[in-house]
2 protein chains.
Amino acid sequence: MHPHFETYLQTHTTLLPENIQRVSSMAIRHTLRRNEFILSTGEICRHKVFVISGMLRMFSTSADSSEHILQFAPENGWTLDVESYDKQIPSLVNISAIEPSVILCWTKADFTSLLSDIPQFKSFADQIVARNIYYNRQRMLTMLSATPEERYESFVREFPGYLLRLPLRMIAAYLGISIKTLTRIRHTQLLRS
Amino acid sequence: MHPHFETYLQTHTTLLPENIQRVSSMAIRHTLRRNEFILSTGEICRHKVFVISGMLRMFSTSADSSEHILQFAPENGWTLDVESYDKQIPSLVNISAIEPSVILCWTKADFTSLLSDIPQFKSFADQIVARNIYYNRQRMLTMLSATPEERYESFVREFPGYLLRLPLRMIAAYLGISIKTLTRIRHTQLLRS
DNA sequence: TGAAAGTATGGTCAAATGACCTCTTTTTGA
DNA sequence: TCAAAAAGAGGTCATTTGACCATACTTTCA
């Protein structure tokens, strides 16, 4: 049904082929243009989303129209506003495509039944949630303790490929610094090397 | 066994009395002095911890010996280094008592068996995890988008009682600002009022 | 109870940061 | 393909922030 996703499940889980088929068969495929939104502030998040190709971002916009990025979701990543999805309340964030992307969507009803019917799939989902918790705690610690330059360096170390894919202003919006500061950091690093 | 905790479970869950007893009976009670550690960097986190009274904090210490606070755990709160606990690997953080405190501890083996034997307890635990995820996402958004003054104000709004219980330097260590900046903010707010 | 540790505040100064601006280059999409 | 939009870089300046210091006050605990 969705061969890329089925391969992903084969390599990342020990699900039986029939269960892989079942999960895959309930997904709806969408193609997104650059800058296309799949969730806007005020809407309710109704799907779990898997990224087959491309890149999405979750972000919020301040009163002064500056953007703040909570998450990048590249190929083989998952994304959703979990609070809006869980409680079915209006979302405070946006999710949109940075690159032309292909995604799979499951409705909450479908995904919930998959989780309860397939315990191994549930535990795989729990693993992904756990990884997110670990990652976000580390990110918070970095925000608390590291300088903008250290944050940038750790970002580059952690996501080497993103540097070529993302506009710098989005990296700045993820690190919580101004584009000016990021430019300065990169400038001084160039001089040093 | 631990009446305060049993009351907590009665009011926050729909567990049967026999299950409340079972959960409670597996807890080990500890009394902590001010500044006493229950987890230090490099140790493995072996317990889930419920705070009966007092206040704990989870924090890390930088090379320059400055502290950065990830979480406050007041009475009726839970705390542990979830990554160290899940994987049984050395922790990167410390957990210690800010005030003289009384806590309950469950070993991982005991807690795991409670979760798998009592589905309602598992779903209660999931709720607490979910609340933490929501809260931490909001905190990250605040770190990205708000000024130190706005962060302080939202902290006071969110945890009005903490202002009287916590030294200001810990509030600064939680907000990611210097104590000097926090003092300045408070000073200008005094002048305004 | 009294010495020691911890805490809050404020002065001063240097450094870091962001806002606003322009200019050039690159990318996008009709 | 080409006009329009977006992106990156950098200059300037005002503001914010932190480091370091000293002082006064409070809390702790032996």
Side-chain angles (χ1 to χ4, degrees), chain A residues 31-36 54-55 57 59 61-69 96-101 143-153 155-156 162-193, chain B residues 31-36 54-55 57 59 61-69 96-101 143-153 155-156 162-193:
Chain A
T31 299
L32 303 175
R33 284 162 306 182
R34 205 173 83 95
N35 288 330
E36 187 170 346
M55 171 106 70
R57 64 174 174 146
F59 67 102
T61 304
S62 295
D64 64 348
S65 83
S66 63
E67 295 175 350
H68 307 283
I69 297 181
S96 71
I98 296 175
E99 306 170 354
S101 303
M143 288 296 288
L144 289 175
S145 63
T147 63
E149 176 158 14
E150 290 163 346
R151 299 213 290 275
Y152 172 67
E153 281 167 359
F155 181 85
V156 173
Y162 285 13
L163 209 46
L164 299 168
R165 293 175 72 177
L166 297 174
L168 290 184
R169 67 178 183 85
M170 290 197 188
I171 296 179
Y174 183 85
L175 297 177
I177 61 181
S178 69
I179 175 84
K180 174 76 187 188
T181 298
L182 183 52
T183 295
R184 269 196 276 245
I185 290 170
R186 289 163 54 85
H187 180 77
T188 64
Q189 290 189 341
L190 263 183
L191 294 184
R192 277 210 292 272
S193 65
Chain B
T31 300
L32 303 176
R33 284 161 307 183
R34 205 172 82 95
N35 288 330
E36 187 171 345
M55 171 105 69
R57 65 175 174 147
F59 67 102
T61 304
S62 295
D64 64 350
S65 83
S66 63
E67 295 175 350
H68 307 283
I69 297 182
S96 71
I98 296 175
E99 307 170 354
S101 304
M143 287 297 288
L144 289 174
S145 64
T147 63
E149 176 158 15
E150 291 163 344
R151 300 215 289 276
Y152 172 68
E153 280 167 358
F155 180 86
V156 173
Y162 285 14
L163 208 47
L164 298 169
R165 294 174 72 177
L166 297 173
L168 290 184
R169 67 177 184 84
M170 289 195 189
I171 296 179
Y174 183 84
L175 298 177
I177 61 182
S178 69
I179 175 83
K180 174 75 186 189
T181 298
L182 183 51
T183 294
R184 270 197 275 244
I185 290 169
R186 289 164 53 84
H187 180 77
T188 63
Q189 290 191 340
L190 264 182
L191 294 184
R192 277 208 293 270
S193 64

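Because the structure is predicted, anything quoted here is derived from the model rather than measured. So that the names make sense, note that chain A is the first sequence line, chain B the second, and so on, each numbered from 1.
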**Prompt:** How close or far is atom P of C:dT27 from atom CZ of A:R165, stated in whole angstroms?
**Reply:** 16 Å
**Prompt:** Could you write nucleotides 12-19 of chain C as a row of B, S and -, 5' to 3', where a protein heavy atom under 4.0 Å of any base atom gives B, of only sugar-phosphate atoms gives S, and otherwise -?
**Reply:** B----BBB
**Request:** Provide, to the nearest angstrom, the distance between the CG atom belonging to B:L164 and the C1' atom belonging to D:dT26.
**Result:** 15 Å
**Message:** Between A:H187 and D:dA9, is there a contact of a side-chain N or O with OP1 or OP2 at under 4.0 Å?
**Reply:** no
**Item:** Rounded interatomic separation in angstrom, taking CG from A:L168 and P from C:dT25
**Value:** 18 Å
**Complete:** Rounded to whole Å, the CZ-C1' distance (A:R169 to C:dT27) equals 13 Å
**Item:** Between P of D:dT26 and CG of B:L166, the distance in whole Å
**Value:** 20 Å
**Fill in**
Nearest heavy-atom approach of A:I177 to A:P148 is CG2-CB, 3.7 Å
**Prompt:** Between B:R186 (CZ) and D:dT17 (P), how many Å, whole number?
**Reply:** 16 Å
**Asked** Can you tell me how far C1' of C:dA8 sits from CG of B:L190, to the nearest Å?
**Response** 12 Å
**Prompt:** Testing B:R33, B:R165, B:R34 for salt bridge (Lys or Arg N to Asp or Glu O under 4.0 Å) with B:E99, which one passes?
**Reply:** B:R165
**Counterpart residues, side-chain contact (heavy atoms from CB on, under 4.5 Å), relative to A:I69 (two or more places apart)** = A:R57, A:F59, A:F72, A:M170, A:A173, A:Y174
**Request:** Specify the separation, in whole Å, of atom CD of A:E99 and atom P of C:dT27.
**Result:** 14 Å
